[in-house]
Amino acid sequence: MGSADSKLNFRKAVIQLTTKTQPVEATDDAFWDQFWADTATSVQDVFALVPAAEIRAVREESPSNLATLCYKAVEKLVQGAESGCHSEKERQVVLNCSRLLTRVLPYIFEDPDWRGFFWSTVPGAGRGGQSEDDDETARPLAESLLLAIADLLFCPDFTVQSHRRNNVDSAEDVHSLDSCEYIWEAGVGFAHSPQPNYIHDMNRMELLKLLLTCFSEAMYLPPSPESGSTNPWVQFFCSTENRHALPLFTSLLNTVCAYDPVGYGIPYNHLLFSDYREPLVEEAAQVLIVTLDHDSATSATPTVDGTTTGTAMDDAEPPGPENLFVNYLSRIHREEDFQFILKGIARLLSNPLLQTYLPNSTKKIQFHQELLVLFWKLCDFNKKFLFFVLKSSDVLDILVPILCFLNDARADQSRVGLMHIGVFILLLLSGERNFGVRLNKPYSVRVPMDIPVFTGTHADLLIVVFHKIITSGHQRLQPLFDCLLTIVVNVSPYLKSLSMVTANKLLHLLEAFSTTWFLFSASQNHHLVFFLLEVFNNIIQYQFDGNSNLVYAIIRKRGVFHQLANLPTDPPSIHKALQRRRKTPEPLSRAGSQEGASMEGSRPAAPAEPGTLKTSLVATPGIDKLTEKSQVSEDGTLRSLEPESQPSSAEGSPSAGPCSGGQRRHAVAL
């Protein structure tokens, strides 16, 4: 925290600004320097000493003073970037201006009358700043601010380690500096790992916060009818105007993927030492996601039938300004780079799931949602990375954390966005054969989740978690049911052996979705039954030998298929079923299921009581009790025969269930 005198002086300057009704000249340096030159305030001080009500009051009562404050703060940042911030005082001025703009910018963005302020030029402030003729070629305030931030992020001895013995660099040296030699972390495209410096990390974090605040103007804009509208801040920052685009993209990506919150594994190290890298990694991930927010559909070429021929990465010259961050991401191709990215993201996603004998002994990160969005962007913009993930065994290290996050967030409506991005990632992965094959690996690493106990593969984990989401999630997740079952359909031809618990879960879903009231309550509900029937057909057709558990479960629940085959289609019966549902509302769970309150496998089996085990063959049920008797009629159809009835009584009885003629692959389209 800043000293008491510094905070007092800063507070006095804020009060003077709010009480002045007359405009203060921009040349009055004695007044404006009170905000950044004579103080040493922290970001917490700035947010506490500059209340929101006072910012809005200045905006309404003396807008010229607020405009001058922003202009002078940007001017100080530009001067610091040009000089190189050699002195400690210059660095403090840059940090104070950065914190002040971070505080003030949101209140400018929220007012419609101020939204064009940063994209206008200041009279008398041309590129050279010497003549009025330069006003026509002057940069808008927003461009000057973004370029200054980019320069400051690679300023020697301020945000990066200097390579020179002497610390005296001229302005020409700063402008001719090759920032590719100052990438923050080793990884993609850079082999040298700089010495950690927490002061540099904190300075980078302050500038990235300001950059993220600049990008946030889109949050204050009303919904636009034009879907192709772009964020001008992001558009300019990711253009060729930013000479630091490549090293900054590489620095952000490497900083995120190289971060290891556990380190050497010393218990409770996060309680003994401050970790200055984690806030920087979180800010880097957020900035990276925003800069990669590029709609590739706007750059695709439409064909006659309305489809597109490719994405922005496929076009040699996409229309409109090119996003360099997306371009650089799509060009990553070395396998060692892919391995570095995948290992880093898998390590961070698995961090919240770490289990140790000592409670709370390891550091747990909280930005897993940003990591999932980043992983989605990587797979979306770089298809080579997607194929590398699918052929790598590390894809399961991505799957298990995603399933854990989905299971944990299923009942929290505030995390519906996390549910969507997690399901979309799994839907994207499930479209490839390798993912379904990888699911047959035994699941041995136990992650604490409130799901039934089972012994099986990662495919069992996937289906059990999906069952939990469908049966105990909130109502806003119902649009995701199609996606969840499509994932199961896509991987079903490759599942070699499902456990009994998983087989019961699938049959329970069919039992719930095939009820009359559910099928007729919405026009698209029958799709869920189609998906489940296709899962059964695929497994029986392609993986029959190892799935005896599922076959047994289907036989045991054959009544569900008989009921579905005899589904009433006349309006009175449909109306009666819907009326019965309205009279007795019950949640979509295990109602009507023979499995009881605790499904098989949800807890270890109890030991047998003495005298209950009967080995006599007399107690073994006959085959007619386990399966349906049937005979082939003259027309080639199967007719079911009841043991106590005449053959004629079974006439017209349908077969046990439909059988698909072939495998149908569902396209992954979002």
Q. Between Y328 and F249, how do the two ring planes meet: parallel, tilted or perpendicular, split at 30° and 60°?
A. tilted
Q. Is there side-chain contact between E278 and F367, with at least one heavy-atom pair below 4.5 Å?
A. yes
**Q.** Distance in Å, L288 CG paired with L374 CG, rounded so as to fall on 0.5 Å steps
**A.** 5.5 Å
Q: State, yes or no, whether a side-chain contact exists between Y107 and Y220 at a heavy-atom distance under 4.5 Å.
A: no
Q.
With a 4.0 Å cut-off on N to O distance, would you call D45 and R99 a salt bridge?
A. no
Q. Is there a side-chain contact (heavy atoms from CB on, under 4.5 Å) between K72 and E75 once you walk through the steps?
A. CA-CA 5 Å; K72 295 291 289 185; E75 183 184 49; 3.3 Å; yes
Q: Measure from the side-chain N and O atoms of H420 to the backbone N and O of V416, and report whether any donor-acceptor pair falls under 3.5 Å.
A: yes
(Q) Regarding E206 and K209, does a basic nitrogen lie under 4.0 Å from an acidic carboxylate oxygen? (A) no
Q. Can you find a heavy atom in the side chain of I108 that is under 4.5 Å from one in the side chain of R59?
A. no
**Q.** Flag, side chain of S392 to backbone of F388, donor-acceptor distance under 3.5 Å
**A.** no
Q: Identify the two heavy atoms, one from V281 and one from T255, that lie closest to each other, and give their separation to 0.1 Å.
A: CG2-O, 3.7 Å
(Q) Looking at Y198, I want to see if its OH is surrounded by more than 12 non-hydrogen atoms of other residues, nucleotides or ligands under 6.0 Å. (A) no
(Q) Given 3.5 Å as the limit, does a donor-acceptor pair link the side chain of S120 with the main chain of F117, or not? (A) yes
**Q.** N-O pairing of R204 and E283 below 4.0 Å
**A.** no
Q: Before accepting this row, confirm whether a basic side-chain N of the pair R347/D397 lies closer than 4.0 Å to the acidic partner's carboxylate O.
A: no
What pairs of donor and acceptor atoms, side-chain ones from residues 184-192 against any protein atom, are under 3.5 angstrom apart with sequence neighbours left out?
unit_1: W184; atom_1: NE1; unit_2: L153; atom_2: O; d: 3.4
unit_1: E185; atom_1: OE1; unit_2: R277; atom_2: NH1; d: 3.3
unit_1: E185; atom_1: OE2; unit_2: S193; atom_2: OG; d: 3.1

Q) Between the side chain of Q34 and the main-chain N/O of F31, is any donor-acceptor distance below 3.5 Å? A) yes
Q: Applying side-chain contact (heavy atoms from CB on, under 4.5 Å), run through F215 and T291 and close with a yes or a no.
A: CA-CA 9 Å; F215 293 159; T291 53; 3.8 Å; yes
Q. Can you tell me how far the CG atom of D157 sits from the OG atom of S162, to the nearest 0.5 Å?
A. 4.5 Å
Q: State the CG-NE2 distance between L152 and H244, to the nearest 0.5 angstrom.
A: 9.0 Å
Q) Between the side chain of E90 and the main-chain N/O of H86, is any donor-acceptor distance below 3.5 Å? A) yes
Q: Mark yes or no for whether N242, through its side chain, and F237, through its backbone, hold a donor-acceptor pair below 3.5 Å.
A: yes
Q: Identify the heavy atoms of N65 and P23 that sit nearest to each other, and give their distance.
A: OD1-CA, 3.3 Å
Q. What do the steps show when you test W114 against F118 for side-chain contact (heavy atoms from CB on, under 4.5 Å), and what is the final call?
A. CA-CA 8 Å; W114 281 77; F118 273 93; over 6 Å; no
(Q) Determine whether a donor-acceptor pair (N or O, by modelled atom type, separation under 3.5 Å) exists between the side chain of N203 and the backbone of F158. (A) yes
(Q) Could you go through I332 and L378, starting from their C-alpha distance and side-chain angles, then the distance that decides it, and tell me whether this counts as side-chain contact (heavy atoms from CB on, under 4.5 Å)? (A) CA-CA 10 Å; I332 299 176; L378 287 164; 5.6 Å; no
Q) From I149 CD1 over to S98 OG, what is the distance, rounded to the nearest 0.5 angstrom? A) 6.5 Å
**Q.** Mutual orientation of the aromatic rings belonging to W119 and W233 [parallel < 30°, tilted 30-60°, perpendicular > 60°]
**A.** perpendicular
Q.
Does R115 have more than 12 heavy atoms from other residues, nucleotides or ligands lying within 6.0 Å of its CZ?
A. yes
Could you give the side-chain donor-acceptor pairs of residues 335-342 under 3.5 Å, partners two or more places apart or in another chain?
unit_1: E335; atom_1: OE2; unit_2: K391; atom_2: NZ; d: 3.1
unit_1: D337; atom_1: OD1; unit_2: R334; atom_2: NH2; d: 3.1
unit_1: D337; atom_1: OD2; unit_2: R334; atom_2: NE; d: 3.0
unit_1: D337; atom_1: OD2; unit_2: R334; atom_2: NH2; d: 3.4
unit_1: Q339; atom_1: NE2; unit_2: D394; atom_2: OD2; d: 3.3

Q. Can any side-chain N or O of S216 pair as donor or acceptor with the backbone N or O of T213 at less than 3.5 Å?
A. yes
Q. Quick check: are there more than 12 heavy atoms from other residues, nucleotides or ligands sitting under 6.0 Å from CD of E25?
A. no
Q: Look at D380 together with K377 and state whether they make a salt bridge at an N to O cut-off of under 4.0 Å.
A: no
Q: Using modelled atom types only, decide if a donor and an acceptor are shared between the side chain of H333 and the backbone of R331 within a distance under 3.5 Å.
A: yes
